[in-house]
Enquirer: 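After the C-alpha cells below, expect a handful of questions from me.
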2 protein chains.
Amino acid sequence: MRQNPARRAALLDAAIEVLARDGARGLTFRAVDAEAQVPVGTASNYFSSRDELLTQVGHRYYERLEPDAAALAEALSGPRDRDRVTELMHDVVERVMTFRSGYLALLELRLESTRRPELRELLSKRIRADIDFNIRNHVQAGLPGDATTVVVLYLALNWLILERLTLPDVFPDEQVHDLVTDVVERILPGPRRSA
Amino acid sequence: MRQNPARRAALLDAAIEVLARDGARGLTFRAVDAEAQVPVGTASNYFSSRDELLTQVGHRYYERLEPDAAALAEALSGPRDRDRVTELMHDVVERVMTFRSGYLALLELRLESTRRPELRELLSKRIRADIDFNIRNHVQAGLPGDATTVVVLYLALNWLILERLTLPDVFPDEQVHDLVTDVVERILPGPRRSA
DNA sequence: AACGTAGTACTACGGATGAAGTGGTGTCAA
DNA sequence: TTGACACCACTTCATCCGTAGTACTACGTT
C-alpha cells in the first residue's frame, strides 16, 4: 500500500471525474489510472478495494470543499436583509454548479451508500455537519430567518441544482436565476430590503 | 425480439428492483433474468441493448405511476386552505416514499441520462409534464398559492425524499412529519385555515 | 380430429472482454 | 546499502452477452 499523499489525492480527484463522467459503472481501478494519467496498476497499489476507494472519494470531496473561510467571511459582511440572502444563495448555487463533476460524483456516492454502511455513515455525518454549520452561520450573521429557513432553502436549492445538472431542459437556462430568487422570496417572508 | 407484453413488463419491473438494489453497475441482462425469475437469456431476447432496456425502464416507471386519477379526485375535495395543502403534501411524500425502489431507480436513470441523450429527452419531457400537471391541478382546485408555489414545493419535497431514501440519518425519522409541515408553512404564506 | 405453423420458452455453449492483483525491475533519496 | 515508490508485464479470473438449437403451446386449416 503506497503512501504518497499527493499522488493519492490526484487519484481521488481522478476518481471524482470518472464517477461524474461514467458513473459508478465506469469506476474501475484502470479507469482511475487512465484519468489520472498514471501507469496501469497504480490505483491498485493505493487502494485495497473498490470499497475503500469509494469512501476515500467521499473524504476527498469534503476535503476539497473545506476552504470555505473566504466565503464565510463574505457572508458576514454587507446588510442583513432578504436581498442579501438572495445574493448569498445565488453565490452558493453558482459555486456548487461550477464543480459539476464533484456534485455528480457525490450523487453517485449517495446511491452507493444505499449498499455500503460505512459510506452512508460518513456521508450522513458530513452532510449533517454541513447543514448545522450553515444554520449556525446564518443566525450568527444576523441574517433574517431561523434554522428551519436554512433547512428549507437547503432542500429546495439542492434539488434545483440536481435538476439543472441532470436534466437541464426541465428548468431552462434563462429561468434559473429568477427561480433562485423566487425560492428565497417564497421561503423567507418579509421586506426585500431592511429599513 | 420477443413481444409478450406481460413478460416484458415483468422484466422491466425486475429491472427497477435491480437498479434500486444494485445500482446501474449491477444492471445486467442476467441480473434482470434472475430478479424476474425467468431463464437466463430472456432479457437478451426482449431488449436489443442495455440502452434500450434503460429507456424502456423509464417508460415503465411512468406507466406505473399513471393511475393518479384517484389521488387527483381527492385533491379536488375538501377545503381550499393551507392545512389542506399540508395534508396533500403529506400524502404525496408518503406515496412516493413507499415506492422506494422506483424512486431510487429513477435517480439512477437521471444519472445515466447524463450520458444518454435519448434517455435525457424522455425523462425531461415526463418530468416537465408532471410539474405542469401539478401546477394546473393546484390552481384549478382553487388551492392557495400559484405556479411558483408548486414549483418550490416540488423542489424542497423532492430533496427531502431523496435525503430520506439515501441518508436517513440526516433527518431522523421522527422529525420528517414535522419537517414536511414546516416546508409547506414556509413556502405557502397566509393563515392555516380559511375563514 | 389430425396436422402444420408461428411465436415463445428454455438450455447451453462460444467468444470476447476487461478487470484485478502480483511479481519483478529500475530509480531516487536517506 | 537500503527502503519506498514508480512503472511494466503477465496471469488469473469473473462475467457478460448473443445466439443456435430444441421443446412447447396455441391456433387456424383442412
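Since the structure is predicted, the reported quantities are computational estimates derived from the model, not experimental observations. Lettering of chains follows the sequences in order, A, B, ..., and the numbering in each one begins at 1.
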Enquirer: Rounded to the nearest angstrom, tell me the gap between atom CZ in A:Phe47 and atom C1' in C:dG21.
Expert: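 For the pair A:Phe47 CZ and C:dG21 C1', the rounded distance is 16 Å.
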Enquirer: Tell me whether the count of non-hydrogen atoms from other residues, nucleotides or ligands lying under 6.0 Å of CD in B:Glu52 goes above 12.
Expert: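 Yes, enclosed.
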Enquirer: Please check if the number of heavy atoms outside B:Glu174 that lie under 6.0 Å from its CD is greater than 12.
Expert: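 Counting other residues, nucleotides and ligands, CD of B:Glu174 exceeds 12 neighbours.
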Enquirer: Starting from the 5' end of DNA chain D, give me the residue, B:Arg50 or A:Pro39, whose nearest nucleotide shows up first.
Expert: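 It is A:Pro39, whose closest nucleotide lies nearer the 5' terminus.
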Enquirer: So A:Val40, base contact, sugar-phosphate only, or nothing? Heavy-atom distance under 4.0 Å.
Expert: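 Touches a base.
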Enquirer: At 4.0 Å (heavy atoms only), tell me whether B:Tyr46 reaches a base, stays on the sugar-phosphate, or touches nothing.
Expert: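 Sugar-phosphate contact only - B:Tyr46 comes under 4.0 Å of backbone atoms but never of a base.
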Enquirer: Looking at A:His138, is its backbone amide N or carbonyl O close enough to the side chain of A:Gln140 to form a donor-acceptor pair, meaning the two atoms are under 3.5 Å apart?
Expert: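 No; zero donor-acceptor contacts below 3.5 Å.
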Enquirer: Got a salt bridge between B:Asp91 and B:Arg95, using NZ or NE/NH1/NH2 to carboxylate O under 4.0 Å?
Expert: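 A salt bridge is absent here (no side-chain N lies under 4.0 Å from a carboxylate O).
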Enquirer: Heavy atoms of chain A, cut-off under 4.0 Å: which first and last nucleotide of DNA chain D, 5' to 3', fall inside that, if you could look?
Expert: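 The contacted stretch runs from D:dC5 to D:dC8.
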Enquirer: For a quick check of understanding: with a heavy-atom distance under 4.0 Å over all strands, which category does A:Ser49 fall into, base, sugar-phosphate or nothing?
Expert: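 Answer is nothing: A:Ser49 stays at 4.0 Å or more from every strand.
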Enquirer: For the pair made of CZ in A:Arg2 and P in C:dT22, what is the distance, rounded to whole Å?
Expert: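 That distance rounds to 12 Å.
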Enquirer: Measure the distance from CG on A:Leu27 to P on C:dG18 and round it to the nearest whole Å.
Expert: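 After rounding, the reported distance stands at 17 Å.
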Enquirer: Within the 4.0 Å heavy-atom criterion, would you say B:Thr28 contacts the bases, only the backbone, or no part of the nucleic acid?
Expert: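 Sugar-phosphate: the residue B:Thr28, judged by heavy atoms under 4.0 Å, touches backbone atoms but no base.
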Enquirer: Could you pick out which residue, B:Arg30 or B:Asn4, lies toward the 5' side of DNA chain C when each is mapped onto its nearest nucleotide?
Expert: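 This one resolves to B:Asn4.
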Enquirer: Find out whether the Lys NZ or Arg CZ of A:Arg8 is both under 6.0 angstrom from the six-membered ring centre of A:Phe47 and within 45° of the ring's axis.
Expert: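 Yes - A:Arg8 lies over the ring of A:Phe47, closer than 6.0 Å to its centre and within 45° of its axis.
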Enquirer: Classify the ring geometry between A:Phe99 and A:Tyr61 as parallel (under 30°), tilted (30 to 60°) or perpendicular (over 60°).
Expert: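 Correct class here is parallel.
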